[in-house]
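The block underneath contains the structure these notes are about, expressed in structure tokens.
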Amino acid sequence: MPGKTTTTERVLFYTGKSHKIGEVHEGAAQMDWMAQERERGITITSAATTCFWRDHRINIIDTPGHVDFTAEVERSLRVLDGGVIILDGSQGVEPQSETVFRQAQKYNVPLIFFVNKLDKIGGDFYMSLNSVHEKLAKHAVAVQLPVGLENEFSSVVDLIERKAYRFEGNLGSTVVEAEIPEDMKEKVEEYRSVLVEKIAESDDFLIEKYLNGEEITADELKMGMRKLVIQAKIYPVFCGASLSNIGIQKLLDGVVEYLPSPKDKPETQGYNHTTGEKMSLPHDENGPFAALAFKVQTDPYVGRLTYIRVYSGKVSAGSYVYNSTKEKKERIGRILLMHANHREEIREIKAGEIGAVVGVEATTGDTLCSEDFPIVLESISFSEPVIGLVLEPKSKADRDKMSVAIKKFLEEDPTLKIKTDEETGQGVLYGMGELHLEIIVDRMKREFNVEVNTGKPQVAYRETIRKAVDVEGKYIRQSGGRGQYGHVVVKVEPLERGKGVEFVDKIVGGTIPKEYIPAVEKGVMEAVECGVLAGYPLVDLRVTLYDGSFHEVDSSEMAFKMAAIEAMRDAQRNADSYLIEPIMKIEVVTPDEFMGDVIGNLSSKRGKIEGTEQRGNARVITCTAPLAEMFGYATELRGLTQGRASFTMEPSHYEEVPAGIAAEIIKLSGKLP
């Protein structure tokens with residue numbers, strides 16, 4: 001992995017936040033505080049901290065790299081003003097880096113790249129820079145070059161200042177200016193001219209100087225670079241080796257010089273929760289208070305923590321705020337500044353800051369604001385889970401504890417879903433991958449003392465429709481006294497893949513009174529939870545309510561909800577329903593001699609090979625394959641390649657299940673006779 005936590009540990013040491021460096025491989029990293037993180041040497045939950053560099057306050061969130069925990073990256077990018085993407089210098093851009101880059105673009109987050117691990121065998125800055133150009137951004141530009149490679153990597157050259165820097169003394173904490181080696185001077189000028197040309201485009205004054213052949217000063221270059229980075233028009237690329245303590249201080253300089261402060265960002269946009277009108281929010285601590293809740297965590301000492309990013313205004317402990325998403329007042333009991341899992345109590349939190357509050361019931365994506373400024377900020381969207389695990393408590397006592405644990409986990413993690421099988425009473429917990437679910441089961445045991453039996457992992461299949469149909473649903477009951485009457489006419493049509501379920505109200509002339517429309521929508525949403533083929537949720541369709549009728553006395557919300565459910569069942573039976581399955585994007589890195597075996601094996605799993613490329617002395621195979629075929633692949637790959645290959649896998653999209661396999665799934669579900 002690229003070394004995000006190792007780099008963060010150095011940042012905390014050089015900024016004086018900590019007095020010793022905690023190493024990931026020794027299980028002593030401060031930012032990896034969970035037992036599961038320390039045992040596995042990976043980051044599972046994002047950890048927040050604050051430090052100071054050159055009189056600037058920096059809020060840091062160290063996020064996981066493993067794709068099963070992508071929600072942690074998503075929510076962090078939503079609230080950060082800038083980011084550093086760390087690459088493994090021997091691997092270049094890996095699939096996780098692509099995912100993070102796309103997430104950052106979605107929220108328009110300016111980025112810096114840091115090519116790490118250049119001291120390792122195969123470390124190659126120029127290969128990594130090319131892979132950024134090919135896979136992520138043509139506008140990435142080197143601002144540093146490494147002096148020496150692999151075990152001879154010793155220092156970095158700053159292209160803007162035309163100076164080399166070594167990192168000496170206790171754990172590299174003394175930065176020493178050095179001469180640029182003679183054999184590098186030509187290369188430095190070549191890369192510097194590319195950099196200067198790109199920066200000159202940022203400003204009329206600079207372009208004029210450039211075209212007139214005048215020297216642009218280092219300060220002018222930094223000013224131009226900052227302007228472009230903030231607009232996400234350029235991505236500076238730094239280099240170093242965190243484990244060898246090379247390059248971190250210069251990376252911190254880059255963060256301060258190029259990434260935006262909250263005041264550099266455009267006004268935050270939202271809408272008025274009562275009128276629906278657009279609202280803008282200045283980044284001003286004297287403005288109206290508004291913050292976004294982006295993470296919920298259960299702390300064993302203080303209970304439920306809600307992490308917030310404040311966009312405007314300030315708030316003190318003990319004051320009341322308005323949750324505009326849930327439309328209710330909440331009281332902030334305490335405010336904490338977090339350093340991983342250590343807490344520092346503070347009196348107030350201001351615009352631009354990140355902290356945790358105790359006492360509120362806000363969930364991920366909720367807006368907290370002043371009651372007289374009821375803004376709703378853009379929420380956070382998460383991927384749907386693709387894999388399920390049957391959970392059975394071992395005893396009755398475990399059953400009660402399990403439901404408490406799952407409630408807490410669902411609050412913390414928006415990519416987890418639980419579904420209870422009506423017939424067996426078993427719970428099926430859905431998540432982003434096998435590791436994700438394994439960690440949850442492990443946490444259940446350690447944190448809540450719950451013993452569970454787990455079944456085999458299950459694929460989160462979905463159902464959808466092929467053609468549009470118009471159907472009506474009636475719910476009419478007459479059993480003495482007041483009856484029930486609900487009647488709806490809807491059009492159900494397919495949407496493109498990934499669009500979810502849309503409900504459109506096109507009732508005109510009051511054929512169905514307004515107060516019953518939400519009940520119809522509720523019925524539709526309940527009906528799509530369980531498809532008619534094999535009981536999987538329905539997706540990618542639009543339901544348009546355009547007609548119906550009501551009875552002055554007998555109509556009720558319940559009757560209209562039942563009529564909608566009836567209509568949806570009818571629609572599924574007539575709209576040519578079919579099953580779709582999650583397709584995974586897979587990247588396998590293998591020594592050359594095993595490439596044929598690996599490709600053959602992937603093809604036998606309904607895999608579609610998309611390409612192969614050379615990376616160092618290994619081959620990289622990219623392909624897509626159904627999740628259903630990929631269980632246990634890690635063991636298979638080890639066997640095929642004598643343990644020398646590795647792979648990464650992330651959800652890509654959904655595709656139709658082949659007819660023969662679909663028939664088998666439907667038969668096993670017991671839905672059809």
Side-chain angles (χ1 to χ4, degrees), residues 54 56 81-85 87 92-93 101 104-105 108-115 124-147 155-165 177-240 247 249-267:
R54 285 172 36 182
H56 290 74
D81 293 328
V84 179
I85 290 189
L87 304 175
V93 174
F101 185 74
Q105 284 190 307
N108 208 21
V109 177
L111 296 171
I112 281 176
F113 285 97
F114 179 63
V115 179
D124 184 341
F125 176 77
Y126 303 98
M127 174 278 290
S128 298
L129 182 61
N130 282 337
S131 75
V132 172
H133 288 155
E134 284 167 20
K135 295 180 178 175
L136 303 181
K138 290 272 184 282
H139 301 303
V141 58
V143 292
Q144 292 179 341
L145 295 182
V147 178
S155 47
V156 301
V157 174
D158 185 311
L159 294 177
I160 288 182
E161 294 174 350
R162 284 196 178 99
K163 288 176 185 169
Y165 292 97
E177 205 177 298
E179 286 297 311
I180 297 172
E182 276 302 318
D183 62 352
M184 275 194 73
K185 285 188 172 168
E186 201 175 307
K187 188 169 253 186
V188 166
E189 289 310 311
E190 178 197 333
Y191 276 85
R192 191 177 192 276
S193 66
V194 172
L195 178 65
V196 172
E197 187 181 340
K198 280 255 197 289
I199 294 174
E201 294 167 7
S202 69
D203 188 279
D204 291 346
F205 169 69
L206 294 184
I207 198 92
E208 199 173 316
K209 274 187 98 166
Y210 178 75
L211 294 172
N212 291 337
E214 294 173 44
E215 182 74 19
I216 301 175
T217 67
D219 284 347
E220 286 169 343
L221 286 171
K222 287 178 181 179
M223 179 197 73
M225 171 75 93
R226 180 180 179 81
K227 202 168 168 181
L228 290 172
V229 170
I230 288 169
Q231 294 168 353
K233 287 183 177 170
I234 201 169
Y235 301 102
V237 183
F238 289 73
C239 59
Q249 295 95 320
K250 298 307 286 178
L251 174 65
L252 273 168
D253 287 346
V255 167
V256 167
E257 282 164 356
Y258 304 132
L259 288 179
S261 83
K263 287 184 175 159
D264 294 317
K265 298 284 280 182
E267 288 194 339

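FYI, side chains are in, hydrogens and waters are out, and symmetry mates aren't considered; it's all heavy atoms of this structure.
For Lys135, the NZ atom is densely surrounded, since the number of other residues' heavy atoms within 6.0 Å is greater than 12. Within 6.0 Å of the CG atom in Asn212, the count of heavy atoms belonging to other residues, nucleotides or ligands exceeds 12.
In terms of modelled atom types and a separation under 3.5 Å, the side chain of Asn130 and the main chain of Met127 share no donor-acceptor contact. Checking side-chain atoms of His139 against main-chain N and O of Ala137 turns up no donor-acceptor pair under 3.5 Å. Side-chain N or O atoms of Ser131 include one that pairs as donor or acceptor with a backbone N or O of Val93 at under 3.5 Å.
Rounding to the nearest 0.5 Å gives a distance of 10.0 Å between CG of Leu87 and CZ of Phe125. Considering CD of Glu197 and CD1 of Ile207, their distance stands at 8.0 Å, rounded to 0.5 Å. How far CD of Glu208 is from CD of Glu214: 8.0 Å, rounded to the nearest 0.5 Å. Note that OG of Ser193 and NZ of Lys198 are 11.0 Å apart. Values are rounded to the nearest 0.5 Å. Once rounded to the nearest 0.5 Å, the distance linking OG of Ser261 with CZ of Arg226 reads 6.0 Å. Atom CG of Asn108 sits about 11.0 Å away from atom CG of Asp81, to the nearest 0.5 Å.
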For residues 177-187, tabulate all N or O donor-acceptor pairs below 3.5 Å that involve a side-chain atom, not counting sequence neighbours.
| unit_1 | atom_1 | unit_2 | atom_2 | d |
| --- | --- | --- | --- | --- |
| Glu182 | OE2 | Lys185 | NZ | 2.9 |

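When every heavy atom of Gly247 is checked against every heavy atom of Phe114, the shortest pair comes out as O-CE1, 4.3 Å. Considering every non-hydrogen atom in both Lys250 and Asp158, the closest pair reads CE-OD2, 4.2 Å. Of all heavy-atom pairs between Arg192 and Glu215, the closest is NH1-OE2, 3.9 Å. What you find for Leu251 and Ile112 is that their closest heavy atoms are CD1-CG2, 4.0 Å. For Leu221 against Ile199, the heavy-atom pair with the smallest separation is O-CG2, 3.5 Å. Of all non-hydrogen atoms in Val229 and Pro110, the two that sit nearest each other are O-CB, 3.1 Å.
Inter-residue side-chain proximity for Leu129 and Tyr191 is flagged as met; some heavy-atom pair is nearer than 4.5 Å. Looking at Met225 and Leu195, their side chains come closer than 4.5 Å, going by heavy atoms from C-beta outward.
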ask   = Does the pair Leu159 and Val143 meet the rule for a side chain to side chain contact (heavy atoms under 4.5 Å, CB included), with working shown?
value = CA-CA 5 Å; Leu159 294 177; Val143 292; 5.5 Å; no
ask   = Going through the checks in order, is the side chain to side chain contact (heavy atoms under 4.5 Å, CB included) test met by Val147 and Val157?
value = CA-CA 7 Å; Val147 178; Val157 174; 3.6 Å; yes
task = Assess whether side chain to side chain contact (heavy atoms under 4.5 Å, CB included) is satisfied between Glu161 and Lys222, documenting all intermediate values.
result = CA-CA 10 Å; Glu161 294 174 350; Lys222 287 178 181 179; 2.9 Å; yes
message = Using the rule given for side chain to side chain contact (heavy atoms under 4.5 Å, CB included), can you reason through Arg54 versus Leu252, listing the C-alpha separation, both sets of side-chain angles and the distance that settles it, and then say yes or no?
response = CA-CA 9 Å; Arg54 285 172 36 182; Leu252 273 168; over 6 Å; no
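In this structure, Glu220 pairs ionically with Lys209, as a charged nitrogen and a carboxylate oxygen lie closer than 4.0 Å. In summary, Glu201 and Lys227 do not engage in a salt bridge, as defined by a charged side-chain N under 4.0 Å from a carboxylate O.
If you look at Phe101 and Tyr235, their ring centroids are closer than 6.0 Å.
The aromatic rings of Tyr258 and Phe238 sit tilted, their planes meeting at an angle between 30° and 60°.
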